[in-house]
Structure formats: structure tokens, C-alpha cells
Undergrad: 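Questions regarding the structure given below will be posed in turn.
These values consider heavy atoms only, across backbone and side chains, with no hydrogens, waters or symmetry-generated copies. Just so you know, ligand 1 is whichever comes first in the structure, and atom 1 is the first atom listed for that ligand. Throughout, numbering of the chain's residues begins at 1 and tracks the sequence.
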Amino acid sequence: MIDFAYRTSNDYLEAKEKATDNPEAFWNEVAITFDWHKPWVKVLEYDFHKPSVKWFLGGKLNITENCLDRHLKTQPNQTAIIFEPNDLSEAAQRISYKELHSRVCQAANMLKANGAKKGDRICIYMPMVPELAIAVLACARIGAIHSVVFAGFSASALATRINDADCKMLLTADGGYRGNKVTPLKAIADEALTQCASITHCIVLKRTGQNIAWNTIDLWWHEEIEKVTNNCPAEIMDSEDPLFILYTSGSTGTPKGMVHSCGGYMVYTAFSFQNVFQYQKGDVYWCTADIGWITGHSYIIYGPLAVGATTLMFEGVPSYPDYDRFWEVCAKHKVNQFYTAPTAIRALQKHPSELVSKHDLSSLKVLGSVGEPINEEAWHWYDEHVGKKKCPIVDTWWQTETGGILITSLAGVTPQKPTYATLPMPGVQVVLLDNEGNEIEAEAEGILAIKHPWPSIARTIWGNHERYKNVYFSAYPGYYFPGDGALRDAQGNYRITGRVDDVVIVSGHNLGTAPIENALNEHESVVESAVVGFPHDVKGNALYAFVITNDIIDDEEALVDALRAIVAKTIGPIAKPDCIQVVSGLPKTRSGKIMRRILRKIAADQLDNMGDISTLLNPEIVEEIIKNKP
Ligand code: PRX
């Protein structure tokens with residue numbers, strides 16, 4: 001097991017100083033602890049204006065050799081993955097490093113036998129079963145670029161992502177279990193594939209055994225895997241070769257396929273995993289995210305496996321069969337580090353605390369939070385009921401784009417502060433900017449920006465480098481602009497205040513409002529729509545849609561149902577607005593821009609502080625919308 005964790009606050013401060021003064025020497029030292037086929041000739045080359053970032057130039061490696069092969073020498077029988085199925089009646093599985101290595105190599109050969117090769121894009125649309133992690137690693141083994149699409153996304157969202165990356169192969173399952181629901185993944189995939197010409201092979205894992213349609217490109221996973229051996233030497237990759245594409249919503253247009261590279265991503269996810277969670281050999285670590293999101297990529301698969309950890313994968317949901325499932329799993333597998341999202345904490349907090357106290361949670365050492373700001377009440381509930389006030393809580397701020405955690409406390413090493421993500425990781429140079437782009441010092445509130453690259457920054461948007469430049473590097477030239485606002489206290493702790501663009505974080509899911517508006521506008525009765533976020537006590541934020549229709553609507557309820565269904569079909573059920581209001585107009589500036597600021601206030605019922613509306617083209621509409629609010 002690799003151990004480059006800082007154990008004291010002083011270690012952290014020293015590392016931070018070193019990483020700021022000489023980032024290249026600092027990251028050089030971290031990177032040499034991994035297995036490389038060929039060392040790099042240069043640690044870093046970057047220009048945020050172009051933008052271009054390259055780490056460990058000329059270095060050759062395969063991330064799976066670091067996640068699997070090298071542990072075979074030291075801990076072949078250590079459990080790599082614990083799998084906890086959706087249903088209590090199904091036994092949990094423990095997969096050792098040796099077994100995982102063998103299964104990944106065999107799956108890699110299965111992909112190769114079906115024509116996959118280095119550089120090909122392979123889409124993975126699978127439930128949270130071990131084969132999903134195996135599929136991801138099998139792609140990495142052969143140098144194919146994986147694009148995992150969350151299994152809750154609709155056929156149309158899946159098709160958009162397959163087509164954007166021009167994927168050659170799809171890995172899916174007949175269905176997936178989630179709580180008391182069975183998702184017909186293969187049927188959804190079939191519908192998506194009617195719009196995707198690039199897919200030549202669809203490999204189907206049998207999970208639920210449900211009836212499915214069978215097409216000429218379909219192959220059963222269990223039949224294909226039988227045809228190949230488990231001997232698969234790793235493809236040697238350049239440090240800067242793409243490892244994967246993962247889509248995230250933007251405030252406009254189609255989802256952005258963030259591209260992560262092999263070398264830098266490996267170094268940073270392992271380094272941050274080890275330091276943030278203070279993982280120790282033999283610990284059981286559980287991140288409740290889905291592998292369909294970046295949290296699952298970095299902190300269920302790559303980071304933990306790179307340091308030789310035991311990582312738990314859970315197929316189900318926190319409410320099934322009852323609202324104590326998380327705590328039951330923690331007790332059952334003696335979980336030491338538990339990493340979840342504020343939205344889950346808020347949902348569970350609403351249930352009697354006996355559901356927590358009846359389980360033995362004494363194994364827990366560290367708690368983590370990710371995906372959205374954690375409010376004070378949820379933080380304290382987590383601390384008292386789950387952590388029994390003895391587990392440090394790491395509130396980790398990061399993004400799909402950043403690849404790894406950038407602002408956080410290090411469990412038990414650096415101070416925590418409720419609702420604050422606290423301090424940047426060593427080597428992460430965070431600043432606050434004012435609206436003009438000037439750096440602001442000391443205690444302040446402003447726009448979060450980062451002025452030096454870290455190894456796991458996404459290198460581009462697949463097929464659209466211009467968009468990458470425009471979204472992240474143009475608003476404040478010379479900085480990476482994540483799209484969040486933050487405030488900083490006198491000790492330098494950061495508290496994330498939320499998005500400063502048109503992305504809304506709903507239950508920890510990053511949703512752009514523009515694609516939802518586009519979906520609503522597809523309905524024949526809708527002329528124009530505007531979607532905004534408003535505070536919600538469990539989801540953090542919920543969506544409120546204002547729609548203008550082309551005619552008088554007799555049955556508004558039916559329209560609202562139809563609109564919610566369109567959004568679910570086009571994007572996925574997570575994007576369905578909580579509230580849809582039919583309006584006769586939207587507040588607009590004289591240049592025709594929708595004043596979302598006003599709509600946000602209306603949605604949030606903050607009516608006494610509307611600001612100046614006299615400059616609107618149609619100020620009277622504000623009163624009307626408020627009056628008719630459902
Ligand atoms: O607004 C921030 C919020 O989630 C956004 C990134 O979303 P996504 O790419 O889906 O990745 C989520 C998992 C890493 C950020 O721009 N966010 C994430 N973590 C936090 C957060 N907001 C506040 N506190 C956090 N700990």
C-alpha cells in the first residue's frame with residue numbers, strides 16, 4: 001500500500017508551502033511513488049490562456065497496473081471491492097485484488113476479442129454491480145476511453161452522449177435493481193441505439209434475468225467472457241492520453257464531455273484519497289455515489305484502488321428496504337470511512353434517530369460530504385447521530401472538471417468548520433475574484449478561481465476545445481473558473497456559496513437549466529420557458545419552470561404532467577421540475593434577456609426584496625406571476 005498521507009497539521013502546512021513554491025518538485029515526488037513504464041521528461045507544461053495543460057510529459061503507464069498489478073505483489077488476498085447488493089436476501093461479495101485483476105484482464109480480452117482497441121470510445125450504461133467497475137477498468141487496461149452514463153439517464157440522454165463521443169461499443173445490462181424498482185436498462189439502450197449509428201457491438205450483462213429484445217449487434221457478457229483468457233498485458237499509455245470522458249451539464253447547450261488523462265488523474269485521485277480520508281491499511285471505505293458520476297470514478301474506483309484500499313460498492317438506495325440501510329451496511333461491513341451527499345443526509349435526518357442508533361457504528365472513523373453545500377443542521381445531525389461526535393467530517397468541494405477533491409479538510413489533520421469546505425489541498429492555488437477579475441485578499445466573498453493547474457484538471461471538452469476555453473478560461477483570463485461563488489474567513493477557510501451561473505445543483509446532481517428549457521419547449525403548446533432553482537429542504541435545490549403557452553390551456557394539470565414527462569424522457573427523472581407555472585409572459589430586459597434573478601426570487605418566495613424592476617420591458621408581469629403562483 002502506498003502511503004503519502006500527512007498526519008499532522010504541520011505536515012499539511014509544509015506540503016502546502018512546498019507545493020506552492022515549487023509545484024513541479026512537489027508533484028514529481030508524489031508521482032514517482034507509482035509504477036511507470038517510462039519516467040516523464042518534464043513534470044508540467046501549461047498555459048491557461050490557450051488553454052493547455054500537460055502533466056508528466058513523456059511518462060508511460062497504465063493506470064490499471066497501479067490499481068491492480070502492483071498490489072498483487074504485496075496484498076493479493078486483500079479485499080479490493082465489497083459488493084453490497086440491493087436486496088438483503090442476496091449475499092454480499094468480497095473480491096480480492098487477485099480476483100479483480102483476473103476479472104478485469106478477462107473482461108479486457110472480451111472487449112479486444114470484439115474489436116475494441118486503444119483510443120476507441122466505449123459507452124458503459126450499467127447498474128452498480130461489480131461488473132461496472134470491472135468494465136471501467138477493462139477499458140483502461142486496453143487504452144479504450146470509457147464514457148460511463150449514469151443508469152438513471154433516459155434513452156435520449158444516452159443517445160446524445162453516445163453520439164457526441166462516437167462510441168463504438170456499448171456495455172449494458174438487461175436491467176438494474178434500485179430499491180423496489182427494476183430499471184429496464186436494455187430496453188432503454190435499445191431505444192437509444194435507434195439513434196446511434198456508431199455502435200457495432202452491445203455487450204449485455206445478465207443481472208435481473210428479465211425479458212429483453214435481442215438485436216443483431218447484441219452479445220451476452222457471460223458467453224463472451226467464456227471465450228477468452230485472463231491474461232491481458234496492459235496497453236502502455238502516454239501520461240496525457242485520454243483515460244475517460246464523463247459528461248456534465250453546462251449552463252447552455254449539450255452536455256460537456258470532460259476528458260481526463262491517464263497520468264495526472266491517477267496521481268491526484270490517489271494522493272487526495274489518501275490524504276482526505278486518512279485511509280489506513282485494512283480499513284473499509286464506502287462512498288455511496290454512483291459510478292456514473294465523477295465521485296464514483298475517482299473515489300469508488302481509481303483513487304481507492306490506486307492506494308490498495310478496500311472499497312465498498314452499493315447497488316441500492318438509502319431508503320430500501322428501510323431508511324436505515326446505510327447504517328445497516330456500515331455496521332455489517334464495519335465501514336471506517338463513509339462518504340455521502342448532503343441530500344442523502346437531509347433525507348435520512350427526517351426519520352426517527354433510532355434508525356441510526358440501533359446499528360453499531362463504532363467502526364466509523366471519518367465522515368465525508370460531497371456534491372453541494374452542507375447546511376448547518378445536516379452537518380450537526382451527521383456529526384452527532386452518525387459520527388457520535390468522534391468522527392471528523394470532510395466537506396469536499398470539487399467538480400467533474402477537477403477530477404479530484406480540491407478544497408476540504410484532511411480528516412483529523414486540519415481543522416474542520418461546519419458548512420465550510422475549509423482549506424485548499426496542497427498544490428491547489430485558490431483565489432477569490434471580484435466581478436472585474438481582481439484578486440481579493442483576506443476575509444471576503446467573491447468568485448472562486450484557481451490560478452495554477454493541479455494534475456487531475458480535465459484537459460478539454462471532447463470534440464470542442466473552444467467551448468472548454470470559453471466556459472472555464474475566458475471569463476477571468478489566466479484563471480480556471482469553476483462557476484462557483486465562495487466566501488473566505490479570517491483563517492483562510494472557504495465556504496462555497498453556490499453556483500454563479502445557470503447550473504442548479506438538485507440532490508447533488510448538476511443540472512443545466514437550458515437543456516431543461518429546450519425539453520419543455522418541445523411540447524406543442526409551449527412557446528417559451530424559463531427554469532430556475534429554488535431552495536428545497538431535502539434536495540438542496542429544486543427546479544421551478546415558468547412556461548408561456550400558445551393558447552389558453554383548459555387542463556393545466558394535464559399539461560404539467562405532460563411537461564414533466566417530456567423532461568424525464570429527454571434528460572431523466574432527476575431533472576423534472578417540482579413546480580411548473582403557466583404564465584402569460586416572462587420578465588425581460590429591454591434587450592429581451594429573461595431576468596432570471598427575478599424569477600429566482602419569485603420561486604423562492606423572497607418577495608419583499610425584488611430589487612429594481614422598473615427597467616424591465618414588462619414590469620407588470622412580475623405582479624401577475626406572483627398573484628398566480630400555485
Ligand atoms: O457547485 C459545486 C457543487 O457541485 C458542483 C460540481 O458538480 P459535479 O461536477 O456534478 O460534481 C459533484 C461531485 C464532485 C460544484 O461546482 N459542489 C460539489 N461539492 C461541493 C459543492 N458545493 C458545496 N460544497 C461542496 N462540498
Undergrad: Just jot down the ligand 1 atoms closer than 4.0 angstrom to any heavy atom of Val370, in number order.
TA: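 This gives 13 (C), 14 (C) as the contact atoms.
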
Undergrad: So between Glu401, His509, Glu372, Arg499, whose heavy atom ends up nearest atom 22 (N) of ligand 1?
TA: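 Going through Glu401, His509, Glu372, Arg499 one by one, Glu372 has the nearest heavy atom to atom 22 (N) of ligand 1.
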
Undergrad: Side chain or backbone, does Asp484 bring an N or O within less than 3.5 Å of an N or O on ligand 1?
TA: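 Yes: some nitrogen or oxygen of Asp484 is under 3.5 Å from one in ligand 1.
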
Undergrad: What is the nearest protein non-hydrogen atom to atom 9 (O) of ligand 1, stated with its residue, atom name and distance?
TA: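 Looking at atom 9 (O) of ligand 1, the protein heavy atom closest to it is Thr400 OG1, 2.6 Å.
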
Undergrad: Anything under 30° is parallel, anything over 60° is perpendicular, the rest tilted; go ahead and classify Trp27 against Phe271.
TA: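 It falls in the perpendicular class, over 60°.
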
Undergrad: Atom 12 (C) of ligand 1: which protein heavy atom is closest, and how many Å away?
TA: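 Among all protein heavy atoms, the one nearest atom 12 (C) of ligand 1 is Gly371 CA, 4.2 Å.
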
Undergrad: What atoms of ligand 1 come closer than 4.0 angstrom to any heavy atom of Thr396?
TA: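 Answer, ordered by atom number: 19 (N), 20 (C), 25 (C), 26 (N).
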
Undergrad: Checking a contact table here: which protein heavy atom is nearest atom 13 (C) of ligand 1, and how many Å away?
TA: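 Minimum-distance protein heavy atom for atom 13 (C) of ligand 1 reads Thr295 OG1, 3.4 Å.
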
Undergrad: At less than 4.0 angstrom from any non-hydrogen atom of Asp395, what atoms of ligand 1 do you find?
TA: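 This gives 24 (N), 25 (C), 26 (N) as the contact atoms.
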
Undergrad: State whether Lys539 and Glu372 are salt-bridged, where the test is any N-O pair (Lys NZ or Arg NE/NH1/NH2 against Asp/Glu carboxylate O) under 4.0 Å.
TA: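 So Lys539 does not pair with Glu372 through a salt bridge.
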
Undergrad: Check Phe83, Phe277, Tyr279, Phe338 against Trp286 for a ring pair (Phe, Tyr, Trp, His ring centres under 6.0 Å) and give me the one that passes.
TA: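 That would be Phe338; it is the only one of Phe83, Phe277, Tyr279, Phe338 passing the ring pair (Phe, Tyr, Trp, His ring centres under 6.0 Å) with Trp286.
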
Undergrad: Any salt bridge linking Arg600 with Asp502? Criterion: basic side-chain nitrogen under 4.0 Å from a carboxylate oxygen.
TA: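 Yes, Arg600 and Asp502 are salt-bridged.
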
Undergrad: To check your reading of the model: name the closest protein heavy atom to atom 5 (C) of ligand 1, its residue, and the distance in Å.
TA: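 The protein heavy atom lying closest is Ile505 CD1, 3.7 Å.
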
Undergrad: Quick one: look up the protein heavy atom nearest atom 7 (O) of ligand 1 and list residue, atom name and how far away it is.
TA: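 Going by distance alone, atom 7 (O) of ligand 1 is nearest to Asn510 ND2, 3.1 Å.
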
Undergrad: Can you check which of Tyr299, Trp397, Trp398, Trp293 brings a heavy atom nearest to atom 14 (C) of ligand 1?
TA: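 Selected option, by shortest heavy-atom distance: Trp398.
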
Undergrad: When the ring planes of Tyr544 and Phe534 are compared, do they come out parallel, tilted or perpendicular, using 30° and 60° as the limits?
TA: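 The rings of Tyr544 and Phe534 stand perpendicular, inter-plane angle above 60°.
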
Undergrad: For Tyr480, run the ring pair (Phe, Tyr, Trp, His ring centres under 6.0 Å) check against Trp454, Tyr468, Tyr46, Phe48 and tell me which one passes.
TA: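 The single option meeting the ring pair (Phe, Tyr, Trp, His ring centres under 6.0 Å) with Tyr480 is Trp454.
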
Undergrad: So Thr340 and Tyr382, side-chain hydrogen bond (donor to acceptor under 3.5 Å, both in side chains) or not? Walk me through it.
TA: CA-CA 10 Å; Thr340 195; Tyr382 200 25; 5.7 Å; no

Undergrad: Hey, what's the ring geometry for Phe273 with Tyr285, parallel, tilted or perpendicular (30° and 60° as the breaks)?
TA: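 Perpendicular, since the angle between the ring planes exceeds 60°.
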
